[in-house]
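Step one of this worksheet: look at the structure below.
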Amino acid sequence: MPELPEVETVVRGLQKSVLGRKILSVWIGKSDFIDNPAEFFRLSGQKIAAIERFGKFMLLRLTNGEESAAAETETVVAVAESAASRERKAYAASLLVHLGMTGQIAPSAADIPLEKHTHVSLTLDDGRELRYTDARRFGRMAYLTADLLAKEIAGAGADPLEVGAAEFAERVRSRNARIKALLLDQSVFRGVGNIYADESLWRAKIHPARVGAKLSVKEVETLRRVLQVILNRAIVMRGSSISDFLDANGEPGEYQRHHRAYGREGKPCYRCRTPIRRVIVAGRSSYFCPKCQPAPRQRKSKRRKPSG
DNA sequence: CTCGATCCCTGGACGC
DNA sequence: TGCGTCCAGGGATCGA
């Protein structure tokens, strides 16, 4: 279940292992998770000039291989540039990768046989292959020109690590949806998924079914702060490996050992020993402490249930 | 606007 | 052993 910290971990691994490599050829197996598989072959001859995370997306920024001498210099310059100015740099095309639930992307020696669910393999100019493996194919890959990427990015939510207090509060307190749904909504905040939503709500002592507009200013600011602390800590720990998350080196993360709510149904709350409960909110399992995170009063129902 | 339901997909856990 | 069932959940979509 790659969320922001897991995707960030994979991006950092790829930056070390495949940044600057040129793609020589493209192999595609099953392609129903690729936006436009025919476009994919345009990857051939292009160079991976930058690798960035955008929410749960990975973006492999591409430059034409021909300007290789110039691009070498550019890459060095780009590394020295601030993140903000790098973002402003225009690339003609990018490879978008979303890991979905079970996606993995990592370089591999070419002589290692493809795994059962490897669906994309890009031959690199150093002889290795950058492979995408995804059993369930909930992930997504797309070859995006600059304009398509712009459309993709338009409407994305705020980056939870960079959003300020005022904007965070505005995005939450202007909504009548439950806070859990808001945290999971990628058009509100990009990159938060089920695990880090539950972990941050537990730390902020906010019940997942509370309505955004009914949270106090103080509660919302606490939530923002703990969310940032948790995400940053999880990045340091290289993410959470619940079932099959592996980073670009094939190694699991460590943050799952620090979970306080997620996956702990029936186990004692780390604060008050009350058994953690699991309910469905926003269609997802939501773990919380019924004592530390008191439930909101019953939401208004459209019509009172007929008596009797 | 917000909700729940449904679908996509496979593997793992579990009960019998 | 094997089979059926349920569950995991990111995201799109649809109807209420």
Side-chain angles (χ1 to χ4, degrees), chain A residues 1-8 10 29-37 53-58 96-105 114-120 132-142 151-157 160 170-201 208-215 231 239-246 252-253 256 259 261-266 276-288 296 298-303 305:
Chain A
M1 38 228 59
E3 304 178 25
L4 188 155
E6 291 76 30
V7 178
E8 180 68 27
V10 174
K30 286 186 178 171
S31 62
D32 56 356
F33 64 101
I34 300 173
D35 282 26
N36 188 346
R53 181 186 60 74
F54 187 85
K56 295 176 190 170
F57 290 138
M58 277 181 276
L96 176 149
V97 181
H98 190 300
L99 299 174
M101 290 290 296
T102 53
Q104 293 173 18
I105 184 167
L114 294 186
E115 287 177 44
K116 182 179 177 186
H117 297 294
T118 297
H119 305 302
V120 171
Y132 179 77
T133 305
D134 186 354
R136 292 168 73 179
R137 303 202 303 286
F138 275 19
R140 175 185 170 205
M141 293 183 98
K151 282 178 192 162
E152 193 68 47
I153 281 176
E170 162 64 19
R171 283 177 178 270
V172 169
R173 300 185 78 231
S174 65
R175 300 287 299 271
N176 287 311
R178 295 151 158 156
I179 185 61
K180 176 70 180 271
L182 293 174
L183 287 173
L184 292 180
D185 186 337
Q186 300 301 295
S187 70
V188 178
F189 302 111
R190 63 178 120 108
V192 182
N194 206 39
I195 294 173
Y196 298 102
D198 280 5
E199 290 301 302
S200 58
L201 290 171
R210 297 275 303 281
V211 168
K214 293 191 176 178
L215 296 179
L231 291 174
S240 301
S241 291
I242 292 301
S243 50
D244 39 20
F245 168 72
L246 298 174
Q256 67 281 3
H259 291 175
Y262 182 83
R264 299 194 66 248
E265 183 179 17
I276 295 292
R277 285 196 53 204
R278 181 177 76 98
V279 295
I280 302 297
V281 179
R284 296 286 174 255
S285 277
S286 299
Y287 300 87
F288 69 102
Q298 193 69 48
R299 303 188 94 201
K300 54 187 183 325
S301 53
K302 280 168 197 144
R303 201 150 37 93
K305 212 163 43 174

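Worth saying up front: this structure is predicted, and the values here are computed from it rather than measured. Sequence lines set the chain letters: A, B, ... in the order given, protein chains first and strands last, and positions in each chain run from 1.
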**Message:** Whether A:Q186 contacts C:dG10 is assessed here as follows: a side-chain N or O lying under 4.0 Å from the phosphate OP1 or OP2. Is that the case?
**Reply:**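 Checking A:Q186 against C:dG10: no side-chain N or O falls below 4.0 Å of OP1 or OP2.
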Can you list the residues that meet the side chain to side chain donor-acceptor pair (under 3.5 Å) rule with [X], with sequence neighbours excluded?
X	value
A:R53	A:E8
A:R137	A:D32
A:R173	none

**Item:** salt bridge (charged side-chain N to carboxylate O under 4.0 Å, His left out) contacts touching residues 277-287 of chain A (sequence neighbours left out)
**Value:**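 As it turns out, the salt bridge (charged side-chain N to carboxylate O under 4.0 Å, His left out) pairs with a partner in residues 277-287 of chain A, which skip direct neighbours, are A:E265-A:R278.
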Round to a whole Å and report the spacing from [atom1] of [X] to [atom2] of [N].
X	N	atom1	atom2	result
A:L182	C:dG11	CG	C1'	17 Å
A:E265	C:dC7	CD	C1'	12 Å
A:N176	B:dG4	CG	P	14 Å
A:M101	C:dC7	CE	P	15 Å
A:L99	C:dG10	CG	C1'	11 Å
A:F33	C:dG10	CZ	C1'	15 Å
A:D32	B:dC8	CG	P	12 Å
A:M58	C:dG10	CE	P	15 Å

**Request:** Classify the side chain of A:R284 and the base of C:dG10 as holding, or not holding, a donor-acceptor pair under 3.5 Å.
**Result:** yes
**Prompt:** Does A:F138 lie flat on the base of C:dG11, that is, centres under 5.5 Å apart and planes under 30° off?
**Reply:**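 The base of C:dG11 is not stacked with A:F138 (the test needs centres under 5.5 Å and planes under 30°).
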**Request:** With P as the reference atom in both, quote the distance from B:dC9 to C:dC3 in angstrom, rounded to an integer.
**Result:** 22 Å
**Request:** Using Watson-Crick or G-U wobble pairs with both distances under 3.5 Å, give me DNA chain C in dot-bracket, 5' to 3', with [ ] for crossers and | for pairs to another strand.
**Result:** .|||||||.|||||||
**Message:** Using a 4.0 Å heavy-atom cut-off, does A:R175 contact any base of the nucleic acid, only the sugar-phosphate backbone, or nothing at all?
**Reply:**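 Result for A:R175 = sugar-phosphate.
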**Request:** For residues A:F33 and A:Y132, establish whether the separation of their ring centroids is below 6.0 Å.
**Result:** yes
**Request:** Can you label the angle between the A:F54 ring and the A:F57 ring as parallel, tilted or perpendicular, going by 30° and 60°?
**Result:**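 Because their plane-to-plane angle is under 30°, the rings of A:F54 and A:F57 count as parallel.
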N/O to N/O distances under 3.5 Å, protein versus nucleotides 10-13 of chain B:
| from | atom 1 | to | atom 2 | distance (Å) |
| --- | --- | --- | --- | --- |
| B:dT10 | O3' | A:H117 | NE2 | 3.3 |
| B:dT10 | O2 | A:R136 | NE | 3.4 |
| B:dG11 | OP1 | A:K116 | NZ | 3.4 |
| B:dG11 | OP1 | A:H117 | NE2 | 2.5 |

**Message:** Of the options B:dC3, B:dC9, C:dG10, whose atoms approach the side-chain atoms of A:R178 most closely?
**Reply:** B:dC3
**Request:** Test side-chain hydrogen bond (donor to acceptor under 3.5 Å, both in side chains) on A:K214 and A:N176 and set out the steps.
**Result:** CA-CA 8 Å; A:K214 293 191 176 178; A:N176 287 311; over 6 Å; no
